[in-house]
Amino acid sequence: RAGEPGKQRICAQTLRAQALDLQLQAVAIDERLDRRVAITYRNLAQLYRDLDDPASAQSYFEKAIAVASRNGNPSRYAEVYGSYAGFLNDTLDHARALDLAREALALDEVLGDTPGTAFEQLEIGRALLGLNRPAEAVAPLRIALAMRRALDQHEIIARSLLALAMAALV
């Protein structure tokens, strides 16, 4: 049983590699049909992030932003910006993450996207923590926590609680 965590990691990496292969196939189809390309690029960026390839992840996030901007779909734009903000927080580019999360939040609020709004609040709080502004981070983190509790989304609840705990320690 001691080797099982290693086997699980290998299995997870294999599954991610298979998902990446399928997503790359989807890109070719979506590009030909000119549909959902921004989201497909965003999905690729997230897969590359999970595969510890931040350069490829950033490249696909940038492509996703370009397509979303060109197509003028506010919902897609908010999804891409919000996801990219999370990536930027993870890679410690907190100032840029804050800008993108705030822009995505403004769109989510206009669109009435409650899950998106909660996610952007979390990323705003995380960015403010990264910028060493914990007092400012508390309000958006509490908003994210309350919204996600109402939606019963455990991952974001846990991430919000973790970020609030970090704010309390600073």
Side-chain angles (χ1 to χ4, degrees), residues 12-13 15-31 34-131 137 140-141 143-145 147-148 150-163 166:
Q13 288 296 94
L15 290 173
R16 285 188 184 104
Q18 290 171 344
L20 179 62
D21 183 52
L22 291 171
Q23 197 65 53
L24 287 168
Q25 292 174 37
V27 163
I29 294 167
D30 288 345
E31 286 175 338
D34 195 27
R35 68 176 181 120
R36 294 185 41 87
V37 178
I39 297 304
T40 304
Y41 285 160
R42 190 262 334 248
N43 293 344
L44 270 168
Q46 291 174 323
L47 281 168
Y48 277 117
R49 179 189 61 201
D50 290 345
L51 291 167
D52 294 322
D53 186 347
S56 293
Q58 183 151 2
S59 173
Y60 274 101
F61 273 123
E62 296 290 343
K63 287 179 181 183
I65 286 171
V67 170
S69 298
R70 185 179 68 239
N71 291 346
N73 182 331
S75 176
R76 297 283 186 252
Y77 194 76
E79 288 179 58
V80 170
Y81 263 44
S83 296
Y84 194 21
F87 170 78
L88 292 171
N89 272 327
D90 292 343
T91 58
L92 309 180
D93 189 351
H94 302 295
R96 190 158 178 223
L98 181 60
D99 290 342
L100 293 178
R102 283 180 170 161
E103 191 165 337
L105 175 64
L107 289 169
D108 286 332
E109 287 177 337
V110 168
L111 295 168
D113 181 351
T114 302
T117 298
F119 183 78
E120 311 325 343
Q121 293 284 8
L122 172 64
E123 294 307 329
I124 288 168
R126 289 182 62 217
L128 290 167
L129 280 175
L131 293 169
L141 292 171
I143 291 168
L145 178 60
M147 293 178 88
R148 289 305 177 144
L151 296 169
D152 198 31
Q153 293 182 324
H154 300 284
E155 178 191 354
I156 303 298
I157 292 169
R159 292 176 65 200
S160 299
L161 287 169
L162 176 63
M166 291 171 61

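These numbers were taken from a predicted model, which means no experiment stands behind them. For the numbers below, each heavy atom of this structure counts, side chains included, while hydrogens, waters and symmetry mates do not.
- Note that CG of L98 is 12.5 Å distant from CZ of R126, once rounded to the nearest 0.5 Å.
- To the nearest 0.5 Å, the span separating CZ on F119 from CG on L122 amounts to 6.5 Å.
- Checked by atom type, the side-chain pair Y81/E120 shows no donor-acceptor distance below 3.5 Å.
- How far CG of D113 is from CG of L105: 10.5 Å, rounded to the nearest 0.5 Å.
- Inter-residue side-chain proximity for N89 and H94 is flagged as met; some heavy-atom pair is nearer than 4.5 Å.
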Show every donor-acceptor pair shorter than 3.5 Å between a side-chain atom in residues 53-61 and any protein atom, with sequence neighbours excluded, or say none if there are none.
from : atom 1 : to  : atom 2 : distance (Å)
D53  : OD1    : S56 : N      : 3.1
D53  : OD1    : S56 : OG     : 3.3
D53  : OD2    : S56 : OG     : 2.9
Q58  : NE2    : Y84 : OH     : 3.1

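- Nearest heavy atoms, A85 versus E123: O-OE1, 4.0 Å.
- Looking at L162 and M166, their side chains come closer than 4.5 Å, going by heavy atoms from C-beta outward.
- Looking at residues two or more places apart in sequence or on another chain, you find a side-chain hydrogen bond (donor to acceptor under 3.5 Å, both in side chains) between Y41 and E31.
- When all heavy atoms are compared, the tightest approach of A78 to A104 is O-CB, 3.6 Å.
- To the nearest 0.5 Å, atom CZ of residue R159 and atom CG of residue L141 are 11.0 Å apart.
- When side chains are defined from C-beta on, L145 does not count as touching M147, because their heavy atoms never get closer than 4.5 Å.
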Inset, instruction - Please test R76 against N71 for side chain to side chain contact (heavy atoms under 4.5 Å, CB included), starting from the C-alpha separation and ending with a verdict. - result: CA-CA 9 Å; R76 297 283 186 252; N71 291 346; over 6 Å; no
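- Here the closest heavy-atom approach between residue V80 and residue A38 is recorded as CG2-O, 4.0 Å.
- Heavy atoms only, all atoms of each residue included: A137 and G125 are closest at CB-O, 3.4 Å.
- With a 4.5 Å cut-off on side-chain heavy atoms, P74 and V110 do not count as touching.
- Summarising the geometry, atom OH belonging to Y77 is positioned 8.0 Å from atom CG belonging to L100; distances are rounded to the nearest 0.5 Å.
- In this structure, T40 OG1 and K63 NZ are separated by 12.5 Å, a value rounded to the nearest 0.5 Å.
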